[in-house]
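Worth saying up front: this structure is predicted, and the values here are computed from it rather than measured.
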Amino acid sequence: MLKTPADPVDIGLLSAQGSQFVCHYTLAQLPRFTAGLAGAKGQVDASFSFRKVQGFPALEGSMAAQVTVICQRCLEIFLLPLVAELKLVFVPTEEDESLVPAELEAVVHPDHRLGLRELVEDELLLSFPLVPMHALGDPACRPAVKVLSEAEATVTEVPAAAVEVTTRPLAGLKDLLRRED
Ligand SMILES: [Zn+2]
């Protein structure tokens, strides 16, 4: 592993050298991502490996973090593990995209400079679930209010309303009949 280069990095140089290194970011360094979390405490560990693919700079990377979020089922705070993987090839124009092997993702990026921190932040935002929740079956996840299914809601609400409407007129009718006797 080589020394971590200064961000933004030169992807032309790093891929020519076959550089590999690890970066650590605090969540406070990733404000766009942290804005959607329940807390800004935590760290992201990312590893990067550069090489050339078809003569273009290529980057393989992985990142992992544990972030504080609110479970949308039980509304409790919990630690959500996030992982993301990258397999990118940076090409100068759209026409070059067809030269990139299908298992890799072609990115049009004519500049040799690349902001790694920004890239990590983008990837974490993409890997973040739309509705964060405890894993299914996690005993820590206990919804505070029991949510009725549609069928249960129908059974409990409709008869109550029907009783209100039907009993009063009948009671009134009985009174009238009694008076006529
Ligand atoms: Zn939960």
Side-chain angles (χ1 to χ4, degrees), residues 1-53 56-91 97 100-149:
M1 293 275 169
L2 297 172
K3 185 174 157 280
T4 305
D7 205 18
V9 297
D10 183 334
I11 53 174
L13 184 69
L14 293 177
S15 60
Q17 293 173 336
S19 292
Q20 297 185 355
F21 51 89
V22 176
C23 289
H24 304 286
Y25 304 97
T26 63
L27 287 181
Q29 287 178 289
L30 310 169
R32 279 188 297 132
F33 174 60
T34 312
L37 304 178
K41 271 188 191 164
Q43 181 177 289
V44 181
D45 301 315
S47 63
F48 301 101
S49 170
F50 286 87
R51 63 188 171 117
K52 291 261 190 198
V53 171
F56 302 120
L59 165 61
E60 229 170 275
S62 65
M63 55 207 74
Q66 278 215 323
V67 297
T68 313
V69 294
I70 294 175
C71 170
Q72 295 305 299
R73 195 188 296 126
C74 68
L75 302 180
E76 293 291 333
I77 286 175
F78 75 108
L79 280 178
L80 175 73
L82 280 183
V83 287
E85 302 263 338
L86 299 171
K87 283 182 179 178
L88 308 178
V89 180
F90 302 98
V91 294
E97 286 183 4
V100 173
E103 68 272 20
L104 306 175
E105 189 184 345
V107 180
V108 178
H109 189 81
D111 194 354
H112 263 195
R113 281 157 49 91
L114 177 77
L116 282 184
R117 189 185 54 75
E118 233 173 286
L119 183 73
V120 165
E121 195 165 30
D122 287 341
E123 285 304 315
L124 289 173
L125 282 166
L126 284 174
S127 68
F128 194 75
L130 211 57
V131 183
M133 285 193 289
H134 279 108
L136 207 65
D138 188 329
C141 189
R142 289 190 217 98
V145 180
K146 186 176 177 283
V147 180
L148 291 175
S149 71

*Thr34 side chain to Leu27 backbone, donor-acceptor under 3.5 Å*: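 Yes; at least one donor-acceptor contact below 3.5 Å.
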
*Judged by atom type as modelled, is there a donor-acceptor pair below 3.5 Å linking the side chain of Arg117 to the main-chain atoms of Asp7?*
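Not a single qualifying donor-acceptor pair exists.
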
Atom pair [atom1] ([X]) and [atom2] ([Y]), whose distance is rounded to the nearest 0.5 Å:
X: Cys141; Y: Leu136; atom1: SG; atom2: CG; value: 8.5 Å
X: Leu75; Y: Met133; atom1: CG; atom2: CE; value: 11.5 Å
X: Ser49; Y: Leu59; atom1: OG; atom2: CG; value: 7.5 Å
X: Glu118; Y: Glu123; atom1: CD; atom2: CD; value: 12.5 Å
X: Leu114; Y: Leu88; atom1: CG; atom2: CG; value: 8.5 Å
X: Cys74; Y: Arg142; atom1: SG; atom2: CZ; value: 9.0 Å

_Smallest separation among heavy atoms of Ser15 and Arg51, with atom names_ =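 Smallest interatomic distance, heavy atoms only, reads CB-O, 3.2 Å.
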
*Determine the minimum heavy-atom distance between His134 and Glu76, stating which atoms define it.*
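In this case the closest contact between His134 and Glu76 is CE1-CB, 4.5 Å.
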
*Do Ser19 and Val9 come within less than 4.5 Å of each other through their side chains, counting heavy atoms only?*
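No, every pair of side-chain atoms sits at 4.5 Å or beyond.
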
_Within the 4.5 Å heavy-atom criterion, are His24 and Asp45 side-chain neighbours or not?_
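Side-chain contact under 4.5 Å: yes.
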
For the [atom1] atom on [X], are there more than 12 heavy atoms of other groups (residues, nucleotides or ligands in this structure) within a distance under 6.0 Å?
X: Lys87; atom1: NZ; value: no
X: Arg32; atom1: CZ; value: yes
X: Glu105; atom1: CD; value: no

*Thr68 and Leu79: side-chain contact (heavy atoms from CB on, under 4.5 Å), yes or no, with the steps?*
CA-CA 5 Å; Thr68 313; Leu79 280 178; 3.8 Å; yes

_Working note: Leu119 + Leu86, criterion side-chain contact (heavy atoms from CB on, under 4.5 Å); need CA distance, chi angles, decisive distance, verdict._
CA-CA 10 Å; Leu119 183 73; Leu86 299 171; 3.7 Å; yes

*Which class fits the ring pair Phe33 and Phe128: parallel under 30°, tilted 30 to 60°, perpendicular over 60°?*
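Taking Phe128 first and then Phe33, their aromatic rings stand perpendicular (interplane angle over 60°).
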
*Which is it for Phe48 and Phe21 under the ring pair (Phe, Tyr, Trp, His ring centres under 6.0 Å) test, yes or no, and what are the steps along the way?*
CA-CA 6 Å; Phe48 301 101; Phe21 51 89; 5.7 Å; yes

